[in-house]
Amino acid sequence: MNSTSLQLIGAPASPYTRKMLALLRFRRIPYEVRWGDPATVLTSMGLEVPKPVLLPTFLFSQEDHKKPFTGNGGAIAVCDSTPVIRSLEESYAQRSVIPPDPALKFLNYLVEDFADEWGTKYMFHYRWHAQQDIDNAGTLLPLMMDPTLESESLKSASSSFIERQTGRLYVVGSTPETAPIIDASYERFLDAMTDVLQQRSFLFGDRPSAADFALFGQMSQCVGLDPTPREITLRKAPRVVAWVHIVEDLCGLPVANEQWHHRDQVSANLQPLLEEIGRTYIPALLENARAYSEKRATWSTTIDGARWEQKTFPYQVKCLRWIREEFSHLDSDDQAWVRAMLRRAAINGLVD
């Protein structure tokens with residue numbers, strides 16, 4: 001690998017890999033990517049495998065975990081796209097993806113977290129719920145790791161992928177009982193994004209934010225790989241389909257600070273998206289945290305008028321804490337403005 005480039009390991013069918021590659025292109029940060037399983041690649045490089053190991057995995061400096069590995073000294077494998085984005089903001093000054101307005105910076109963080117943690121339910125549910133999508137992903141995912149696979153090897157890899165991934169549906173909360181909740185949420189999300197795109201090119205103006213890239217990552221799969229959500233999205237939200245194709249590569253987009261819109265310009269038609277976050281993701285986030293504090297392995301709550309049951313995740317407890325920490329960094333005036341936005345969107349209990 002070139003020592004002057006940011007190094008990562010990823011996969012085309014990983015929404016978080018696609019999130020980060022699109023962001024790196026926009027920010028014009030040189031990178032090199034190895035396609036494959038991070039554990040396998042890291043082991044071959046003699047590097048310690050993080051737990052859990054996730055896609056994509058970046059190599060950062062062992063001396064300073066916020067600075068990309070440049071080939072000098074040791075390397076450490078780093079996962080989790082959200083903190084990686086913030087580390088890159090410190091290492092590369094050009095073409096920031098964080099809105100300068102503190103209140104919008106908070107909303108950007110909230111929407112990014114929604115995309116990463118609830119938007120992935122759309123992606124994973126549609127990929128492994130219906131048979132046509134299962135067959136499609138079961139064939140394409142092994143080939144995306146190695147398009148030269150022989151037929152018998154492809155058949156074996158496909159069976160292994162399908163068995164493992166369909167067996168994990170319940171982990172993200174996708175069950176026959178919750179499928180209608182996910183379907184309805186996805187369609188409302190498409191309506192909310194259409195509302196945004198009728199006014200401006202991105203969530204917070206005419207240049208993309210980290211939240212835009214997070215939503216793009218999930219939608220790159222729903223539009224580009226999986227048949228059922230692709231058909232739904234093309235029928236219901238053609239603007240979103242077009243937007244996904246545009247966001248894939250924004251390296252040529254000229255940027256200026258005035259392309260970040262004023263908070264009053266974005267507040268009105270961002271509200272439907274915030275309402276969806278309050279309707280679905282926040283109840284799940286809060287109940288997961290309660291279950292974790294009470295040492296319950298699973299939790300259930302009412303989401304969109306129906307029962308949702310899921311495994312308790314320690315990571316999403318961290319997500320809630322990080323959102324609240326972002327809010328705590330705001331001054332009193334910005335906190336008041338954000339609270340008003342959250343109240344209008346019926347987002348309760350998040351920062352109160």
Side-chain angles (χ1 to χ4, degrees), residues 8-25 31-42 44 52-57 79 81 115-116 118-174 179 182-183 186 189-190 213-238 240-249:
L8 67 147
I9 306 155
S14 156
Y16 305 101
T17 300
R18 298 287 287 276
K19 167 188 177 180
M20 293 306 296
L21 290 181
L23 182 145
L24 293 173
R25 292 187 194 106
Y31 68 88
E32 291 187 3
V33 59
R34 293 190 186 186
W35 301 119
D37 170 51
T40 302
V41 175
L42 292 172
S44 72
V53 60
L54 304 170
L55 289 165
T57 296
C79 306
S81 60
D116 287 347
W118 185 268
T120 199
K121 296 182 189 301
Y122 303 147
M123 187 283 299
F124 202 86
H125 165 75
Y126 283 121
R127 179 163 293 175
W128 302 109
H129 179 71
Q131 194 60 50
Q132 69 163 346
D133 299 286
I134 293 171
D135 293 341
N136 178 72
T139 299
L140 290 181
L141 266 60
L143 289 174
M144 286 180 175
M145 303 295 280
D146 182 1
T148 69
L149 279 176
E150 296 179 353
S151 296
E152 286 304 311
S153 297
L154 173 59
K155 184 177 180 181
S156 175
S158 177
S159 297
S160 178
F161 259 106
I162 289 171
E163 181 178 2
R164 181 172 69 251
Q165 299 299 82
T166 55
R168 295 184 68 249
L169 271 171
Y170 81 96
V171 175
V172 300
S174 172
I182 298 172
D183 289 335
Y186 185 64
F189 162 73
L190 294 177
F213 288 111
L215 291 172
F216 161 78
Q218 305 299 334
M219 295 306 297
S220 71
Q221 307 303 301
C222 292
V223 168
L225 195 146
D226 302 305
T228 295
R230 180 168 61 236
E231 186 278 326
I232 294 170
T233 312
L234 189 58
R235 167 178 52 81
K236 189 174 182 63
V240 176
V241 175
W243 180 83
V244 169
H245 289 294
I246 291 168
V247 176
E248 182 81 51
D249 189 349

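Along the sequence shown, residues are numbered consecutively beginning with 1.
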Looking only at heavy atoms, which two atoms of [X] and [Y] are closest? And how far apart?
X      : Y      : result
Asn136 : Pro227 : ND2-CD, 3.6 Å
Ala214 : Asp116 : CB-OD1, 3.7 Å
Ile162 : Thr166 : O-OG1, 2.5 Å
Asp37  : Met145 : N-CE, 3.5 Å
Pro52  : Cys79  : O-SG, 4.1 Å
Ala13  : Leu225 : CB-CD1, 4.1 Å

Any side-chain heavy atom of [X] sitting closer than 4.5 Å to one from [Y]?
X      : Y      : result
Leu8   : Tyr31  : yes
Pro56  : Ile9   : no
Pro142 : Phe161 : yes
Trp118 : Phe189 : no
Leu55  : Pro38  : yes
Phe124 : Arg168 : yes

*asked:* Test your reading of the model: is there a side-chain donor-acceptor pair from Arg18 to the backbone of Gln221, 3.5 Å cut-off?
replied: no
*asked:* Treating Lys19 as the side-chain partner and Leu215 as the backbone partner, does any N or O pair qualify as donor plus acceptor under 3.5 Å?
replied: no
Sorted by chain and residue number, the salt bridge (Lys or Arg N to Asp or Glu O under 4.0 Å) partners of Arg164 (sequence neighbours excluded) come out as none
Output, in order, the C-alpha distance, side-chain angles, deciding distance and verdict of side-chain contact (heavy atoms from CB on, under 4.5 Å) for His125 and His129.
-> CA-CA 6 Å; His125 165 75; His129 179 71; 3.4 Å; yes
Applied to residues 140-161, the side chain to side chain donor-acceptor pair (under 3.5 Å) test, sequence neighbours excluded, yields Asp146-Thr148
- Item | Stepwise side-chain contact (heavy atoms from CB on, under 4.5 Å) check, Tyr126 with Arg230 | CA-CA 10 Å; Tyr126 283 121; Arg230 180 168 61 236; over 6 Å; no
Can you measure from [atom1] ([X]) to [atom2] ([Y]) and round to the nearest 0.5 angstrom?
X      : Y      : atom1 : atom2 : value
Phe213 : Gln218 : CZ    : CD    : 14.5 Å
Ile182 : Tyr122 : CD1   : OH    : 9.0 Å
Met20  : Ser14  : CE    : OG    : 11.0 Å
Gln165 : Ile134 : CD    : CD1   : 11.0 Å
Thr17  : Leu54  : OG1   : CG    : 10.0 Å

Which residues satisfy the side-chain hydrogen bond (donor to acceptor under 3.5 Å, both in side chains) test with [X], sequence neighbours excluded?
X      : result
Asp249 : none
Gln132 : Thr228
Thr233 : Tyr186

Please walk me through it: do Leu190 and Met219 pass side-chain contact (heavy atoms from CB on, under 4.5 Å)? CA-CA 10 Å; Leu190 294 177; Met219 295 306 297; 4.0 Å; yes
Salt bridge (charged side-chain N to carboxylate O under 4.0 Å, His left out) pairs touching residues 125-138, sequence neighbours excluded, are Arg127-Asp226
Handout entry: Within 6.0 angstrom of Glu163 CD, more than 12 heavy atoms from elsewhere
Key = no
